[in-house]
Amino acid sequence: MKRLIFSLLFVSTIFISSAQDKSEHLSFKGVPIDGTLNEYVSKMKAAGFSYLGTQDGTAILQGDFAGFKSCTVGVSTLKAVNVVSTIGVIFPSHDDWSSLERDYDHLKSMLTQKYGILFQKVCLISSKKGPTLACQPRSL
């Protein structure tokens, strides 16, 4: 009986270990979301984004995302350990609400299709330049 229990425990441990190895890490534009802020910025630059600077501990980059040109991307870390934890995207402004609504519907559909219920929010923001679209997926 002890041998059977030990065997089951051993097999369970192997299955759990192999399942952990196969899990996918979250990524943004093909860049895994991990490492320090400087490491992540370097990888994003290699992926074609331009580094604009750092403000209040958030790296600001610019590049194309989800078919939208010249998006602004903010990358933040967990302050206690300097590990990338949050990425936010601000999309280019529009002069009219109908264009913004069209982009909103397209983005929301695309993200819901890709992430299902994990997709948390897409925000419409009114600014001096006109309506702007920003999104931030739910943190896990």
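Here, residue 1 is the first one in the sequence, and each next residue gets the next number.
Between Lys43 and Asp34, the closest heavy-atom pair is NZ-OD1, 3.9 Å. Closest approach of Thr58 to Ser76, counting heavy atoms only: OG1-OG, 3.1 Å. Heavy atoms only, all atoms of each residue included: Val41 and Ala59 are closest at CG2-CB, 3.5 Å. Between Lys69 and Pro92 the shortest heavy-atom distance is O-CG, 2.9 Å. Scanning all heavy atoms of the two residues, the minimum distance from Ala47 to Val31 falls at CB-CG2, 4.1 Å. Taking all atoms of both residues into account, the shortest heavy-atom contact from Phe91 to Cys71 is CD2-SG, 3.5 Å.
A heavy-atom distance below 4.5 Å is found between the side chains of Asp103 and Phe68. Side chains of Ile87 and Val73 form a contact here, defined as non-hydrogen atoms less than 4.5 Å apart. Side-chain contact between Val83 and Thr77 is absent, with no heavy atoms from C-beta onward closer than 4.5 Å.
Rounded to the nearest 0.5 angstrom, Lys45 NZ and Leu61 CG are separated by 8.5 Å.
A chain of hydrophobic side-chain contacts below 4.5 Å, direct or via other Ile, Leu, Val, Met, Phe, Trp or Tyr residues, connects Val75 to Leu26. Ile60 and Tyr51 sit in two unconnected hydrophobic clusters of ILVMFWY residues. Membership requires side-chain heavy atoms under 4.5 Å apart, directly or through other members. Cluster annotation: Phe65 and Leu52 are assigned to distinct hydrophobic clusters (Ile/Leu/Val/Met/Phe/Trp/Tyr, side-chain heavy-atom contacts under 4.5 Å, transitive).
Using a 3.5 Å distance cut-off with no hydrogens or angles, the side chains of Thr36 and Asn38 do not pair a donor with an acceptor.
Between Phe28 and Tyr40, the gap from one ring centroid to the other reaches at least 6.0 Å.
A search for salt bridge (charged side-chain N to carboxylate O under 4.0 Å, His left out) contacts involving Asp105 returns nothing, not counting sequence neighbours.
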